[in-house]
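Have a look at the structure below, then the notes.
Remember, predicted model here, so these are calculated numbers, not experimental data. Residue numbers run from 1 in the order of the sequence given.
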Amino acid sequence: MKPRRARTAVVLALALLAGCGGGHGETPRQALEERRGALLAAIAANPRLIAERIELARVAIRLGDGVGAEAAVKGALATGGNEAALRPLLARAYAMQGQGQRAFDVIDAGPIIPEMIGEAAWVAGDVHLSNGDLDAARDAYDRAVRDLPRNSALWVDVARFRDANADTAGARDAVDYAIELDKANSAALAYKANLIRTKDGLTASLPWYDRALAADPDNADALIEQAATLGDLGRYRDMLRALRHAATITPRDPRLFYLQAVLAARADNFRLARSLLQRTRGAMDDVPAFLLLNAVVELQLGGEALAATWGDRLLVDQPNNFAARRLVAAANWADGDADGAIEALVPIVDRPDADNWSLLLAARAASELGRHGEAADYLVRAASLTRGEAVPFATNRDYMVLTQAADAQPLNPAVAIPAIAADIIRGNSDRAVARATRLRDANRGVADAHILLGDAALADGRFDLAVQAYRTARDLDAGERTTLRLANALFRAGDVAGSGAAILALRDSQPSSIAADRLAGHLAMDLDRWDEAIGHFNRVRARIGDRDVVVLRELARASAAKGDDTRALALIDRAYRLQPLNAEIMRFYADLLAKRGSRQAADDLRDKAAQVGR
């Protein structure tokens, strides 16, 4: 190698492997912007510079500017840069622009210098992860970690991969190591906040977002995630402040428009919400929450057919999303499509734990179609105001085929989980427990594996095992799906106090949880804590409106117990209008009317209740 080429190779290697030093801006982003300006000025003065172009690409990557990174790398190549050294950087620039296949093509186009193999594998892992190819992503990240074992940013992406693979414990380990390597890594701190939000709740995550933003006040991802968390906590002014800051950094990020639309919808400004959702220009059309919000907004604005379309799109990927099913049913019913309403509700009302609202709408739709016997059955179930025990989702696949596939691949969740559900439905709960135990043992860091074992154990009447499994699952994910299961298992095991404590813990960690407030309200009613019950049920009512008869009845009971008969009467009247054939509501209504001196009206209601009860 000639001396000049040797010097060039050394400069290239140093520029590739170094960070982006320099700059004394007020924030890390400002420092990077200052450095970019200095590099651009140097390149303008001497267009033959190579190392500066490479550093410019690195700066652009850290600023999230894939287009700028691409231009810088191509400039370095055009100036004589080593393709084998620069190929991974160009692939990174393409990957940042969402051009995954182009990134793969660049990586595969020729040799890569040994110093950059790890970076090439890292880019490949990121692209595979974005494509949902988790097996290929695992292999790529394994290679990247072997070459770059102490790269903090790489370990954040490893955490994202493990989280996508439902390995919650592994994700935590990876992000903790990223923070250990670089305590000022804002991306790592923000991702830690995301994981804490899942594990310990909304409030517990806020200090970690604060730490991430202290390290880099211009971390747009941290600002957006913090804003979403603040919104779920009902801190809308703080949410808006975070969104406005994020908008100064990434003004066209579709998540900004979505979260602003959430704020607008919560303020009942549905026209503004629709306008904001449209500004995402399809970038979030595969996000379930985005689809659901569109359906809600269109229904509120009278676009029933469009609301049903948005809801149907969500049900394609999430057929067991009951919130979406209720919304589609409501939209179809409002649009005069009783058949469509029934079709959307059937998977709900066929279950013994069907909710009151779904049963009432199904009854109306069935009556509209002339199916009066079916309508009567729904009305009877709705009138009981009690819900049955939840059951596994049914499968329409042959039982023998399912079990044989699971026996052949006991650690493959795609075949094991349907077989476990089929075993439970068939009454073979002991076999379901055995399958779930094997799956759990192979995936101890995965909350779903412990939930599955808990579900199978509960079906088998093994409450202690179910409680143990759900507790472990809650240690990994303290959300509704784990905590409500734990509360149910504790209650069925006879630990009423423990069940109540689990519900209240969920209420504290997830203040936006309707289920937690609902159950906490019932718990307070059982303990004659009327003010607490009213607080819980009022929060539920504020979120869902006056469509839940049970909530209205409990609010009326608590108000009456406090001596506020006027409020109790107004509430039970609303409940009666929703379910005029419910004997329990009629009797309570009659008692309140009698106390107010309306004896004839009270007697008429009692007579009606007696006739309904026959």
Side-chain angles (χ1 to χ4, degrees), residues 132-136 138 164-168 288 312 314-322 324-325 328 342-354 358 362 374 377 381 387-470 472-473 476-477 481-482 484-486 488-489 492-493:
D133 188 347
L134 298 182
D135 289 336
R138 178 183 292 104
N165 212 32
D167 183 3
T168 307
D312 285 335
L314 176 53
L315 290 176
V316 169
D317 291 328
Q318 297 186 355
N320 295 323
N321 186 323
F322 286 176
R325 287 200 168 278
V328 170
I342 283 284
E343 183 181 353
L345 289 172
V346 161
I348 301 176
V349 297
D350 277 356
R351 293 170 60 90
D353 61 335
S358 297
E374 185 179 331
D377 289 341
R381 290 173 60 195
R387 297 170 68 167
E389 188 69 29
V391 297
F393 290 105
T395 176
N396 56 8
R397 295 164 61 188
D398 181 81
Y399 179 64
M400 290 301 297
V401 172
L402 285 172
T403 55
Q404 287 172 2
D407 290 341
Q409 302 180 69
L411 300 184
N412 182 349
V415 295
I417 292 173
I420 290 169
D423 282 334
I424 293 173
I425 292 170
R426 286 291 189 100
N428 296 325
S429 300
D430 55 342
R431 183 184 296 182
V433 169
R435 292 189 200 279
T437 300
R438 284 195 294 272
L439 206 58
R440 185 278 314 270
D441 290 344
N443 300 276
R444 288 189 174 271
V446 179
D448 285 342
H450 296 280
I451 289 173
L452 195 65
L453 175 57
D455 291 350
L458 203 63
D460 198 32
R462 298 169 64 178
F463 301 131
D464 290 344
L465 177 59
V467 167
Q468 178 186 350
Y470 291 143
T472 306
L476 297 168
D477 177 353
R481 66 195 186 115
T482 53
L484 294 182
R485 281 177 164 89
L486 174 60
N488 179 47
R492 295 180 64 180

- Might you work through the side-chain contact (heavy atoms from CB on, under 4.5 Å) test for Val433 and Leu453, ending with a clear yes or no? CA-CA 6 Å; Val433 169; Leu453 175 57; 4.2 Å; yes
- Check the pair Thr472, Arg440 against side-chain contact (heavy atoms from CB on, under 4.5 Å), reporting the backbone distance first and the verdict last. CA-CA 11 Å; Thr472 306; Arg440 185 278 314 270; over 6 Å; no
- Task: Check the pair Leu465, Gln468 against side-chain contact (heavy atoms from CB on, under 4.5 Å), reporting the backbone distance first and the verdict last.
- Result: CA-CA 5 Å; Leu465 177 59; Gln468 178 186 350; 4.2 Å; yes
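Here Asp441 pairs with Thr437, Arg444 under the side-chain contact (heavy atoms from CB on, under 4.5 Å) rule; sequence neighbours left out.
Within the 3.5 Å criterion, the main-chain N or O of Asp448 finds no donor-acceptor partner in the side chain of Arg481. Side-chain atoms of Asn412 come within 3.5 Å of backbone atoms of Ala414 as a donor-acceptor pair (strictly under, hydrogens ignored). Not one N or O on the side chain of Thr482 forms a donor-acceptor pair closer than 3.5 Å with the backbone of Ala473.
Identified under the side-chain hydrogen bond (donor to acceptor under 3.5 Å, both in side chains) test for residues 449-465, with sequence neighbours left out: Asp455-Tyr470, Asp455-Arg485.
For the atom pair CZ of Arg438 and CD1 of Ile420, the computed distance is 8.5 Å after rounding to the nearest 0.5 Å. Rounding to the nearest 0.5 Å gives a distance of 11.5 Å between CG of Asp350 and OG of Ser358. To the nearest 0.5 Å, the span separating CZ on Arg431 from CD1 on Ile424 amounts to 12.5 Å.
Minimum heavy-atom separation, Ala489 to Ala466: CB-CB, 4.3 Å. Taking all atoms of both residues into account, the shortest heavy-atom contact from Ala354 to Ile348 is CB-O, 3.3 Å.
Among the candidates Ile417, Leu452, Thr403, the single residue satisfying the side chain to side chain contact (heavy atoms under 4.5 Å, CB included) test with Arg435 is Thr403.
Put simply, the side chain of Leu486 does not reach to within 4.5 Å of the side chain of Leu484, judged on heavy atoms.
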